Every structure is written in C-alpha cells, then in structure tokens.
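Every chain is numbered from 1 and lettered A, B, ... according to where its sequence line falls, protein lines coming before strand lines. Model, not experiment: these values are computed from the prediction. Every heavy atom of this structure was used, including side-chain atoms; hydrogens, water molecules and symmetry mates were not.
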Amino acid sequence: MSAAATTAGTRVGPAIVDRSWFDRPSLEVAQELVGKRLVHASAEGIVAGRIVETEAYAGPEDRAAHSSRGKTPRNAVMFGPPGHLYVYFVYGMHNCVNVVCGPGNKPEAVLIRAVTIDEGEDLARTRRRVSASVTDRLAAGPGNVAAAFGIDRSLNGADLLGGPVYLGDGSRPPRVVARPRIGVAYAGEWAGLPWRFLVADDSHVSRR
DNA sequence: CTTATGATTAGA
DNA sequence: CTAATCATAAGA
C-alpha cells in the first residue's frame with residue numbers, strides 16, 4: 001500500500017517509494033520527473049499536480065549548482081542521501097523546491113520549476129481567499145511552485161519517502177524539450193547546457 | 001560586524 | 001528594462 005493510498009477519494013496516484021529511483025544523476029532524474037506528480041499532504045489540505053518543468057544541477061563540478069561552493073549549512077541537504085527535499089530561500093523573497101539526487105552522497109539536485117495543479121487548492125491563493133480560475137492552475141516559476149504547494153524552509157531536508165511531500169507516478173509526456181537553465185549566466189561553460197526540461201508546446205510554462 | 005550577490009518575480 | 005527584498009556566506 002502506497003503512502004498516497006491512505007488519502008481516500010483523491011486522484012493522487014501511487015507514490016514513488018523506492019529510494020533507488022532518486023539515487024541517480026540529476027540529469028536522469030530531471031528528465032524523468034517531467035510528467036510525474038508532486039504531492040503535498042499539508043495541514044491545509046492536499047495539493048497535487050503534474051510537474052511540467054525541471055532543471056538538473058549536477059555535483060561540485062557544475063558551477064551553477066549550489067554544491068559547487070562546497071558544503072555549507074544552507075546546502076548541506078544536497079550532500080546527504082537522495083530522496084529528500086532541498087528547500088532554499090533566494091532573492092529575499094522566494095523559496096525553491098528541489099529533489100536531492102545521487103548517486104550516493106554526490107551533491108546533485110533537481111529544481112522543480114513548474115507544476116499544473118489538478119487537485120486541491122493553490123495554497124498561495126487559498127490564503128488570499130481568491131478562487132483559482134482554470135488558467136490559474138499553473139504554478140509557473142520555482143518561487144510560485146513553492147508558494148502554491150505551501151512548501152517553505154521548514155520542509156528542508158524532509159524525506160520524500162513517507163513524508164508530507166512526495167512524488168507520485170505519472171506518464172511521461174510524448175514530447176519533452178531541453179533548454180538552457182535559467183539565471184545561471186555566471187556559471188561559465190556550464191551556463192549554456194540544456195539541462196532544463198519542459199513539456200513541449202506548453203510554451204508559457206515559464207516566463208523566459 | 002560588514003558587504004556582495006543570487007537556481008526570482010512583477011511590473012513599467 | 002529595473003526595483004523589491006533578505007538569507008547566506010565570506011571576509012575583516
């Protein structure tokens with residue numbers, strides 16, 4: 001019985017409960033994560049949806065990755081075992097949701113950049129008591145994903161196996177395209193690598 | 001302690 | 001294009 005099956009009457013699918021699924025290079029996981037489901041069984045209710053955009057951040061050699069500056073209190077979770085959440089705060093206002101990958105304790109992670117929410121309420125909207133319209137169901141941009149799912153740094157390090165936040169099964173879209181990552185211009189030769197993956201034809205998945 | 005800057009976003 | 005806005009890490 002999967003973790004999700006305990007939530008009766010929802011469309012939440014079976015959870016990914018195998019840690020080895022995460023125990024791989026982020027480049028692999030990032031591509032397979034497109035089409036999978038992100039689920040947060042929060043105190044304010046279930047929020048779930050389909051991941052439509054991700055970015056891979058490799059180990060210390062990837063100058064765009066936080067782990068390239070060595071282990072610090074902020075990025076320590078990246079250096080731990082795979083299958084955990086890495087949540088960090090940037091630009092003085094945004095939380096970003098990442099999945100720690102492997103192999104082993106290699107400090108790699110995948111940033112979740114956009115999700116189409118198909119179950120539960122966008123928590124950022126719930127708190128503002130504004131009903132979400134159909135077109136508003138897309139949480140585009142990592143800051144918006146975190147807000148919509150009610151994920152902040154208190155969940156940094158949370159286990160994706162058996163925790164309130166987990167990944168659900170889902171079919172991979174027929175067409176996934178690769179693009180350069182966003183906001184990593186400083187990363188030299190690593191800046192141009194097509195390590196951002198998004199659903200094709202969903203061009204307004206992210207702003208840029 | 002001070003300082004620079006960022007895996008961003010909204011708005012002009 | 002720029003302002004907003006502050007945690008983080010490095011340096012003094």
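Judged by distance alone, with hydrogens and angles left aside, A:Tyr88 brings no side-chain donor or acceptor close enough to the base of C:dA7 to form a pair under 3.5 Å.
The side chain of A:Asn144 approaches B:dT9 more closely than any other nucleotide in the set B:dT9, B:dT8, B:dA7. If you check B:dT8, B:dA7, C:dA9 against the side chain of A:Tyr86, the one that comes closest is B:dA7. Checking C:dT8, C:dT5, B:dA7 against the side-chain heavy atoms of A:Met93 singles out C:dT5 as nearest.
A:Ser68 is linked by a side chain to side chain contact (heavy atoms under 4.5 Å, CB included) to nothing, counting only residues two or more places apart in sequence or in another chain. Scored by the salt bridge (charged side-chain N to carboxylate O under 4.0 Å, His left out) test, A:Asp159 finds A:Arg19 as partners (sequence neighbours excluded). Contacts of A:Pro103 classified as side chain to side chain contact (heavy atoms under 4.5 Å, CB included), with partners at least two apart in sequence or in another chain: A:Asp23, A:Pro25, A:Lys106. For A:Tyr88, the side chain to side chain contact (heavy atoms under 4.5 Å, CB included) partners two or more places apart in sequence, or in a different chain, are A:His66, A:Arg74, A:Tyr86, A:Val90, A:Cys96, A:Asn98, A:Leu111.
In this structure, A:Val77 is not a member of the same hydrophobic cluster as A:Val145, with clusters built from ILVMFWY side-chain heavy atoms closer than 4.5 Å.
Between A:Ile151 atom CD1 and B:dT8 atom P there is a gap of 17 Å when expressed in whole angstrom units. Going from atom CG of A:Asp62 over to atom C1' of B:dA7 covers 10 Å, rounded to whole Å. The distance from atom CG of A:Leu111 to atom C1' of B:dA7 is 6 Å, rounded to the nearest whole Å.
The closest donor-acceptor contact from the side chain of A:Arg196 to the backbone of A:Pro180 lies under 3.5 Å. Using a distance-only test at 3.5 Å, with no hydrogens or angles considered, no donor-acceptor pair links the side chain of A:Asp169 to the main chain of A:Ile16.
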Using nucleotides 3-6 of chain B, report all nitrogen or oxygen pairs with the protein that are shorter than 3.5 Å.
residue, atom, partner, partner atom, Å
B:dG6, N2, A:Tyr91, N, 3.2

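A:Asn98 comes within contact range of at least one nucleobase, with a heavy-atom separation under 4.0 Å.
Nearest heavy-atom pair, A:Glu108 versus A:Ser26, reported as atom, atom and distance to 0.1 Å: OE1-N, 2.7 Å. Nearest approach of A:Leu27 to A:Phe197, heavy atoms of both residues: CD1-CZ, 3.8 Å.
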task: Taking Watson-Crick and G-U wobble pairs with both distances under 3.5 Å, convert DNA chain B into its dot-bracket string, 5' to 3', dots for unpaired and | for cross-strand pairs.
output: ||||||.||||.

